[in-house]
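All remarks here apply to the structure that follows.
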Amino acid sequence: MTDTPFRSDFLRTIEARGAYQNCTEPEALDALLGNVRVTAYIGFDCTAPSLHIGSLVQIMTLRRFQQAGHKPIVLMGSGTTKVGDPSGKDESRQLLSTEQIEANKKSILRIFERFLTFGDGPTDAVMVDNAEWLDKLEYIPFLRDIGRHFTINKMLTMDSVKLRLERDQSLSFLEFNYMILQAYDFMELYRRYGCRLQCGGSDQWGNIVNGIDLGRRVADAQLFGLTSPLMTTASGAKMGKTAAGAVWLNADMFSPYDYWQYWRNTEDRDVGRFLRLFTDMPSDEIARLEALQGAELNQAKKVLATETTALAHGRTAAEQAAETARRTFEEGAIDEGLPTYEIAAEKLKGLALTSLAQMSGLTASASEARRHIEGGGLRVNDVAVKDVKAVVGASDITGKGVIKLSIGKKKHILVKPV
RNA sequence: GGGGGAGUGUCCCGAGCGGCAAAGGGGACGGACUGUAAAUCCGUUGGCUAAGCCUUCGUUGGUUCGAGUCCAACCUCCCCCA
């Protein structure tokens with residue numbers, strides 16, 4: 001937080017939305033943003049086939065940057081992914097093959113089109129890949145030009161390095177170089193695109209500052225850094241973990257319905273904060289929503305779910321998810337928008353319920369289904385099953401031609417005989 | 001190069017006299033209570049054709065009726081000395 005309020009649209013918004021943590025030379029950056037069109041970037045490494053909601057604050061930051069009339073750069077880090085970022089990790093990640101990295105990159109790209117407008121215009125977003133310059137670096141020239149500006153003394157004090165050393169965990173020389181490459185990225189983006197600002201999570205502060213220093217020394221540039229707070233839920237959990245794994249942004253890895261549900265189940269205490277961070281809703285409307293008390297707050301959660309889903313998957317998908325949820329939870333009806341598993345009708349006859357639960361993906365194994373039956377958590381057409389050896393048959397098929405299997409209150413799947 | 005230590009249930013941390021599907025946490029999931037929330041309490045947390053059978057403790061062999069536990073080699077990591 002700064003003493004003087006920001007004047008530029010971008011910084012005012014970022015701060016009001018709760019995405020402001022720290023900034024280098026805030027006054028100078030504020031003035032710059034107020035006067036000219038600025039180019040900023042955020043890097044995303046290609047460690048998985050999709051980004052998850054842990055990256056959402058960063059994506060929203062770029063979106064707001066563009067909305068404020070500036071030019072965002074999405075930097076795909078397929079070059080740096082080959083090295084591996086040691087920040088915030090206890091041990092080194094398994095090295096990914098270049099094919100894997102390339103495949104991940106292609107898969108990740110798609111999500112950005114939802115949040116940003118790409119093109120050739122002055123404020124259109126641009127996508128760049130750092131492999132473009134990192135892959136071609138030559139070792140000795142790089143060491144002489146760039147390496148000489150880094151001291152080991154200082155690098156050893158960086159959190160990402162220090163934590164590893166303090167915990168007696170190994171840090172390979174490969175990973176040790178990550179911060180240098182990220183610093184180099186910033187400088188290279190300045191040279192190529194006149195990029196002056198790098199944003200990132202608070203764990204990236206050190207890496208960002210390194211880039212600023214390098215830019216000043218080598219390119220005589222005045223660069224800026226801006227970080228957002230690390231996102232956790234009010235109960236302290238890291239954002240985005242569910243039983244099924246991460247909350248992915250790609251629809252083929254985490255369906256819009258599940259995505260909607262994830263936000264719908266936000267803790268009370270987080271609703272206002274999440275509305276500010278993850279939606280475009282005006283602040284006064286958010287203030288009204290988060291002031292709701294008790295069960296009324298569920299209204300705010302529905303808005304949160306629909307708005308976040310609309311951003312990531314489109315308005316239509318969001319409204320479908322909302323409608324499916326409404327019918328399922330509020331009417332107790334069977335809605336065809338629920339995940340559906342098709343099975344040949346003749347196979348269904350006399351099939352053990354535990355097997356069907358497994359086949360349909362409701363549970364990971366028949367044993368898990370069995371345990372849920374023993375614990376009273378598995379239902380067929382909303383009726384709890386008591387017998388572990390229960391068998392499904394034609395009589396279970398409802399008027400809608402499907403069988404509804406549920407575990408708990410929230411996990412439902414439709415089995416459709418064909 | 002020499003000496004010492006570590007690797008446990010495919011989420012994590014962590015006990016483990018030769019009888020072990022393997023203590024205890026955390027997390028997650030299910031039940032009760034609620035508001036599809038939190039907190040709390042209870043239960044579950046290898047697989048299967050299920051009073052039985054099969055696969056698990058870094059890897060590969062060995063000793064033994066029987067190995068997470070003992071032996072050997074190897075892999076990875078950490079510490080001390082050089």
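Proteins get letters first, then strands, A, B, ... in listed order; numbering begins at 1 in each.
- Nucleotides B/rU69 and B/rA22 place their C1' atoms 11 Å apart, quoted to the nearest Å.
- For the residue pair A/Asp185 and A/Thr80, no side-chain donor N or O sits within less than 3.5 Å of a side-chain acceptor on the partner.
- Judged by Watson-Crick or G-U wobble contacts below 3.5 Å, the nucleotide B/rG43 has B/rC29 as its partner.
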Distance-only criterion, 3.5 Å: show the donor-acceptor pairs between side-chain atoms of residues 299-307 of chain A and protein atoms not counting sequence neighbours.
from: A/Lys301; atom 1: NZ; to: A/Thr266; atom 2: O; distance (Å): 2.9
from: A/Lys301; atom 1: NZ; to: A/Asp268; atom 2: OD1; distance (Å): 2.7
from: A/Lys302; atom 1: NZ; to: A/Glu330; atom 2: OE2; distance (Å): 2.8
from: A/Thr306; atom 1: OG1; to: A/Trp260; atom 2: NE1; distance (Å): 2.9
from: A/Thr306; atom 1: OG1; to: A/Lys302; atom 2: O; distance (Å): 3.0
from: A/Glu307; atom 1: OE1; to: A/Arg315; atom 2: NH2; distance (Å): 3.2
from: A/Glu307; atom 1: OE2; to: A/Arg315; atom 2: NH1; distance (Å): 3.0

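- Side-chain to base pairing of A/Lys409 with B/rU34: one donor and one acceptor N or O lie within less than 3.5 Å of each other.
- Rounded to an integer number of Å, the gap from CD of A/Glu330 to C1' of B/rU34 is 16 Å.
- Atom name C1', nucleotides B/rA15 and B/rG7: the rounded distance is 15 Å, in whole Å.
- Within a 6.0 Å sphere centred on CZ of A/Arg7, other residues, nucleotides and ligands contribute 12 heavy atoms or fewer.
- Ring to ring, A/Tyr20 and A/Phe6 are close: their centroids are under 6.0 angstrom apart.
- A/Arg269 places its CZ atom 19 Å from the P atom of B/rG35, with the value rounded to the nearest Å.
- In this structure, A/Phe112 has its ring center under 6.0 Å from that of A/Phe44.
- Here B/rU55 sits opposite no nucleotide as a Watson-Crick or G-U wobble pair (both hydrogen-bonding atom distances under 3.5 Å).
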Is there any protein nitrogen or oxygen under 3.5 Å from a nitrogen or oxygen in nucleotides 46-50 of chain B, and what are the pairs?
from: B/rG47; atom 1: OP1; to: A/Ser365; atom 2: OG; distance (Å): 3.0
from: B/rG47; atom 1: OP2; to: A/Arg371; atom 2: NH2; distance (Å): 2.4
from: B/rC48; atom 1: OP1; to: A/Ala366; atom 2: N; distance (Å): 3.2
from: B/rC48; atom 1: OP2; to: A/Ser367; atom 2: N; distance (Å): 2.8
from: B/rC48; atom 1: OP2; to: A/Ser367; atom 2: OG; distance (Å): 2.4
from: B/rA50; atom 1: N6; to: A/Ser367; atom 2: OG; distance (Å): 3.1
from: B/rA50; atom 1: N1; to: A/Arg370; atom 2: NE; distance (Å): 3.1

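- No contact: A/Thr328 has no heavy atom under 4.0 Å from any strand.
- The separation of B/rC33 from B/rG24, taken at their C1' atoms, amounts to 28 Å, rounded to a whole angstrom.
- Across all strands, A/Gly294 comes closer than 4.0 Å to base atoms (heavy-atom distances).
- Summarising the geometry, the separation between CD on A/Glu296 and P on B/rA37 is reported as 17 Å, rounded to the nearest angstrom.
- Side-chain proximity of A/Glu267 to the nucleotides B/rU36, B/rA37, B/rG35 is greatest for B/rA37.
- Closest-nucleotide positions on RNA chain B for A/Asp268 and A/Ile407 were compared, and the one nearer the 5' end corresponds to A/Ile407.
- Note: CG (A/Asn265) to P (B/rA38) measures 8 Å, nearest angstrom.
- B/rU40 sits 34 Å from B/rG47 when the C1' atoms are compared, rounded to a whole Å.
- With its glycosidic angle within 90° of 0, B/rC20 adopts the syn conformation.
- At a non-hydrogen distance threshold of 4.0 Å, A/Ala325 from residues 310-326 of chain A come into contact with RNA chain B.
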With a cut-off of 3.5 Å and sequence neighbours excluded, list every side-chain donor-acceptor pair involving residues 407-418 of chain A.
from: A/Lys410; atom 1: NZ; to: A/Asn265; atom 2: OD1; distance (Å): 3.2
from: A/Lys411; atom 1: NZ; to: A/Leu362; atom 2: O; distance (Å): 3.0
from: A/His412; atom 1: ND1; to: A/Ser406; atom 2: OG; distance (Å): 2.9
from: A/His412; atom 1: NE2; to: A/Lys409; atom 2: O; distance (Å): 2.9

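- The distance between atom NZ of A/Lys411 and atom C1' of B/rA28, rounded to the nearest whole Å, is 12 Å.
- In this entry the distance linking NZ of A/Lys301 with P of B/rU34 reads 17 Å, nearest Å.
- A salt bridge does not link A/Glu368 with A/Arg371: none of the charged nitrogens is closer than 4.0 Å to a carboxylate oxygen.
- Put simply, OH on A/Tyr262 is 16 Å from C1' on B/rC29, counting in whole angstrom units.
- Remark: B/rU34 base-pairs with no nucleotide in the shown strands. Criterion, Watson-Crick or G-U wobble with two distances under 3.5 Å.
- Where A/Gly375 and A/Trp260 meet RNA chain B, the nucleotide closest to each residue was compared, and A/Gly375 sits on the side nearer the 5' end.
- One atom, CD of A/Glu374, and another, C1' of B/rA51, lie 13 Å apart when rounded to the nearest Å.
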Sequence neighbours excluded and cut-off under 3.5 Å, please list the side-chain donor-acceptor pairs for residues 341-348 of chain A, or say none.
none

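- A distance of about 16 Å separates the P atoms of B/rA67 and B/rU59, rounded to the whole Å.
- Across B/rC12 and B/rG1, the matching P atoms stand 33 Å from one another, rounded to whole Å.
- For B/rG24, the paired nucleotide is B/rC13, the pair qualifying as Watson-Crick or G-U wobble because both relevant distances are below 3.5 Å.
- A gap of 40 Å separates the P atoms of B/rA50 and B/rA39, to the nearest Å.
- Remark: the A/Thr123 side chain and the A/Gln66 side chain contain no N/O donor-acceptor pair separated by less than 3.5 Å.
- Across the P atoms, B/rG2 and B/rG14 are found 30 Å apart, a figure rounded to whole Å.
- Nucleotide B/rA6 has B/rU76 as its partner under the Watson-Crick or G-U criteria, with both atom distances under 3.5 Å.
- Pair assignment for B/rC70 gives B/rG62, based on Watson-Crick or G-U wobble hydrogen-bonding distances that are each under 3.5 Å.
- Minimum heavy-atom separation, A/Asp252 to A/Arg110: OD2-NH2, 3.6 Å.
- Contact annotation for A/Leu378: no contact, since no heavy-atom pair falls under 4.0 Å across all strands.
- Around NZ of A/Lys106, the count of heavy atoms belonging to other residues, nucleotides or ligands within 6.0 Å does not exceed 12.
- Sorted by first and then second residue, the salt bridge (charged side-chain N to carboxylate O under 4.0 Å, His left out) pairs with a member in residues 133-149 of chain A read A/Lys82-A/Asp135; sequence neighbours excluded.
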